[in-house]
Amino acid sequence: AMKFGRFIQWGIYSIPAGVWDGQQIEKLGEQIQRHARIPHNEYAALAGQFNPVNFDADAIAALAKKAGMRYIVLTAKHHDGFCMFESAHTDFDIIDATPYKKDILKRLAEACRKHGVKLGVYYSTPDWRFNGPHPEVNPHDGKISVFSKVSKANEDYQVAQLKEIMTNYGDIVELFFDMGEPTPAQSERFADAVRDLQPGCMINGRVMNNQGDFITMPDNHMPDVPLTELPWESPGTVYHTWGYKAWGKGAPREEQVPNQIQKLVTIAARGGNFLLNIGPMSDGSVVQYEQDVINGIAEWTGKYGESVFGTGVTPFAHVKWGE
C-alpha cells in the first residue's frame, strides 16, 4: 500500500466554479452541467475559455512528495466528457478545444517522473458529451444520469482512449474508473484494455462487475475496523465538492489540518490508501486554502511521517485512544 496520494479533479467545470446564470449551484462543482441543467452546446462552449496558464505541474508534484504522497491521480476525463489529454478520437480535448493547447496529463506525467511520484488516472465511464444532446436522464430528478448504460459506440471509444492513456504517458500506477452501468462484458473489456498494455496498473472496483483489483470506498468514507482481505482506497475532500467552486468553504485551517492527518493515520492503520483531493481553479492555480492544508500536513509528516509510512496494519480491531 502506498498509503497516501493526491487526487486532482479538474476540468472546464472550474470555469463556472459552482455558479451558473448568477445562481450558486448546490452539490458537486464538477457536475454543474447536470445540477444547473446546462444545455449541451452551452456547456461545451466553456472549453473555448479554458486557458490554465498558471498550472504548475512541478509545484504540485513537489508539494505532494513533501507531504508524503506517493502518487497523483488526475481526472483525464470526467462525466462531462472533456479530455485533459490529447486524444485522436475526439475534438473535445485540451489540445483541440481550448486556447491552452498543451496536454495536461503529459505535463503532470513528466513532473511526477522528475519528483519520483507515481501517476494514476481517473476515467469516467459516463460521457455526457459523447451521448449527444439527449443523454440518459435519471428518472428520480430528471437530470443527466451518472449511472447511464454504455452504448457499443461509446464502449469502443472508451477502449480506444484507454489504449492512448496506457501508451502515451509512461507507467500508470492506478486506473480509477467511476460511475456508469457497463455490462459484465464491457467491464471486462475496459479492464483488459488497461492490463494488456500495463499489467502492473491497479484497477479500481468502480470498473464494476467485479473486474477491479481493489475497492474504492464511498467518497469520504473509511471502514470501522482494519480491512486486509482486499486492497482498498478512500478518496477524500476538504469540503463538499471535488471540482472547484468559488463559494466552497472548508473548516478553518487549524481544524482541517488535524482532521485530514487523523484520516490519513486511520486509513493507513486500517490497511488502505488515502487519496486526498484538490480542485484547481480554471487558470490552473491551486486554491490557497487547499495549498495551506497540504502544507500543514507536510509539516506533520516531515516530523512524524515514519509513524504512518514505516508501519503496517494495526493488529487491533478498535481501541479508544487512536490508531
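Counting only heavy atoms from C-beta outward, the side chains of Lys3 and Thr311 approach each other to under 4.5 Å. Using a 4.5 Å cut-off on side-chain heavy atoms (C-beta onward), Met84 and Leu108 make no contact. Within the 4.5 Å cutoff, side-chain heavy atoms of Ser14 are placed close to those of Phe50. For the pair Arg189/Leu162, no side-chain contact is recorded, criterion being any heavy-atom separation below 4.5 Å from C-beta on.
For the atom pair Gln31 CD and Ile144 CD1, the distance stands at 9.5 Å (nearest 0.5 Å). Taken to the nearest 0.5 Å, the OG1 atom of Thr167 stands 9.5 Å off from the CD1 atom of Ile172. Taken from CD1 in Ile203 to OH in Tyr123, the straight-line distance is 13.5 Å, to the nearest 0.5 Å.
Proximity of a side-chain donor or acceptor of Arg70 to a complementary backbone N or O of Val117 within less than 3.5 Å is not detected. In this structure a side-chain-to-backbone donor-acceptor pair under 3.5 Å is present from Asn209 to Thr183. Glu233 places no side-chain N or O within donor-acceptor distance of the main-chain N or O of Leu275, the cut-off being under 3.5 Å. In this structure a side-chain-to-backbone donor-acceptor pair under 3.5 Å is present from Asn273 to Met2. Under a 3.5 Å cut-off, the side chain of Glu164 and the backbone N or O of Ala88 do form a donor-acceptor pair. For the pair Asn54 (side chain) and Gly284 (backbone), a donor-acceptor distance under 3.5 Å is absent. At least one donor-acceptor pair closer than 3.5 Å links the side chain of Thr75 to the backbone N or O of Ile8. Distance alone, capped at 3.5 Å, places no donor-acceptor pair between the Arg270 side chain and the Met222 backbone.
Aromatic ring orientation, Phe7 versus Phe176: tilted (interplanar angle from 30° to 60°). Below 30°, between 30° and 60°, or above 60°: for Trp10 and Phe55 the angle between ring planes is between 30° and 60°, a tilted geometry.
Taking the six-membered ring for Trp, Trp242 and Tyr13 have ring centres at least 6.0 Å apart. In summary, the aromatic rings of Tyr43 and Trp128 are positioned with their centroids too far apart to meet the 6.0 Å limit. Aromatic rings of Tyr289 and Tyr239 (six-membered ring for Trp) have centroids within the 6.0 Å cut-off, being under it.
Under the 6.0 Å distance and 45° angle rule, Lys106 counts as a cation-pi partner of Tyr169.
There is a side-chain donor-acceptor pair under 3.5 Å between Ser87 and Gln161. Checked by atom type, the side-chain pair Asp178/His78 shows no donor-acceptor distance below 3.5 Å.
The existence of a salt bridge linking Asp213 and Arg195 is confirmed by a sub-4.0 Å separation between a basic side-chain nitrogen and an acidic carboxylate oxygen. For Asp141 and Arg34, the salt-bridge test passes: some basic side-chain N is under 4.0 Å from an acidic carboxylate O.
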